[in-house]
Peer 1: 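Once you've had a glance at the structure underneath, I'll fire off some questions.
Since this is a predicted model, take the numbers as computed values, not measurements. Just the heavy atoms: all of them, side chains too, but no hydrogens, waters or symmetry mates, feed the values below. Atoms within each ligand, like the ligands themselves, are counted from 1 in listed order.
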Amino acid sequence: MAVFQVVRLGEDILRDKAIEVKRINSNIHKLLDNMADTMYAAKGVGLAAPQIGVPKRVVVLDAGDGLIELINPVIIEKSGKAVDREGCLSVPNVTGDVERAQKVVVQALNREGELMEYKAEDLLARIFQHEIDHLDGILFVDIAQKVYRDE
Ligand code: ZN
């Protein structure tokens with residue numbers, strides 16, 4: 001079990017475009033394990049590799065139905081629109097109303113290197129979009145219609 005400190009807003013790595021994974025090896029497996037441990041320890045529903053200081057296109061998420069691991073994820077379809085409140089482990093004590101696609105289809109490699117396709121809607125679709133944004137240096141506060149700060 002390896003729990004990492006989550007990188008906070010203000011660190012450059014959150015703004016960089018993460019690099020595609022070329023080869024899925026034991027380092028990537030270890031990264032996925034560390035990311036899941038860190039996400040669960042922080043009680044988050046998703047985590048992108050840059051959030052633990054690793055500039056690679058790797059995401060983990062769990063909306064309550066089990067762990068999903070994504071390597072080089074790409075959104076191939078988007079439909080509908082929905083606005084809902086979001087938060088982020090890298091932006092503590094802040095939430096915001098963000099408009100996202102209501103449904104998405106995402107392609108990504110799994111840890112075995114197989115190309116997987118995920119169809120998601122509502123909360124799960126929102127998490128996919130939020131986490132994939134992290135890989136392009138985009139944070140929810142950049143695109144939120146309204147931001148709320150906890151007292
Ligand atoms: Zn986030």
Side-chain angles (χ1 to χ4, degrees), residues 1-21 28-111 116 118-151:
M1 171 115 180
V3 173
F4 283 65
Q5 187 94 40
V6 177
V7 173
R8 299 279 176 92
L9 178 66
E11 297 284 334
D12 288 345
I13 190 160
L14 292 178
R15 296 310 192 172
D16 292 342
K17 209 170 151 64
I19 298 157
E20 204 167 301
V21 173
I28 296 298
H29 290 165
K30 204 163 141 189
L31 173 64
L32 285 164
D33 294 341
N34 291 340
M35 287 172 63
D37 288 345
T38 302
M39 174 181 73
Y40 289 123
K43 296 184 166 43
V45 293
L47 191 77
Q51 292 182 276
I52 59 165
V54 178
K56 290 185 190 297
R57 302 189 79 80
V58 178
V59 162
V60 296
L61 59 94
D62 187 343
D65 295 318
L67 179 65
I68 298 175
E69 298 174 323
L70 307 172
I71 299 166
N72 301 338
V74 179
I75 296 172
I76 58 165
E77 274 179 55
K78 284 185 179 189
S79 59
K81 279 187 182 0
V83 177
D84 208 343
R85 196 75 83 89
E86 285 183 26
C88 179
L89 295 174
S90 294
V91 192
N93 308 317
V94 174
T95 56
D97 294 329
V98 182
E99 185 181 285
R100 302 275 189 191
Q102 192 252 326
K103 290 184 185 181
V104 293
V105 180
V106 173
Q107 278 187 348
L109 299 174
N110 67 11
R111 66 161 61 213
M116 307 289 285
Y118 301 90
K119 290 186 170 67
E121 52 184 77
D122 302 322
L123 175 64
L124 188 59
R126 180 167 296 278
I127 300 169
F128 272 108
Q129 292 169 85
H130 176 117
E131 298 309 328
I132 292 170
D133 270 358
H134 272 297
L135 304 181
D136 294 319
I138 299 164
L139 299 175
F140 83 94
V141 287
D142 304 338
I143 56 172
Q145 297 171 343
K146 193 164 183 217
V147 169
Y148 307 87
R149 212 163 284 276
D150 290 355
E151 294 307 316

Peer 1: Does Asn93 use its side chain to pair, donor to acceptor, with the backbone of Asp150 at less than 3.5 Å?
Peer 2: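 A pair under 3.5 Å: no.
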Peer 1: So Ser90 and Leu9, do their side chains get closer than 4.5 Å, heavy atoms only?
Peer 2: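 Sidechains of Ser90 and Leu9: no contact.
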Peer 1: More than 12 non-hydrogen atoms from neighbouring residues, nucleotides or ligands closer than 6.0 Å to CD on Gln145, yes or no?
Peer 2: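 It does: Gln145 CD has more than 12 such atoms within range.
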Peer 1: Keeping the roles fixed (side chain from Gln129, backbone from Ala101), state whether a donor-acceptor pair exists under 3.5 Å.
Peer 2: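 It does hold such a pair.
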Peer 1: I need the protein N, O or S atoms closer than 2.8 Å to the Zn ion (ligand 1), given as residue plus atom name.
Peer 2: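 Listed by chain and number, the nearby protein N, O or S atoms are Cys88 SG, His130 NE2, His134 NE2.
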Peer 1: Taking Asp122 first and then Arg100, would you say they form a salt bridge - that is, a charged N and a carboxylate O separated by under 4.0 Å?
Peer 2: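 A salt bridge is absent here (no side-chain N lies under 4.0 Å from a carboxylate O).
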Peer 1: Should we count CZ of Arg85 as having more than 12 external heavy atoms under 6.0 Å?
Peer 2: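 More than 12 within 6.0 Å, yes.
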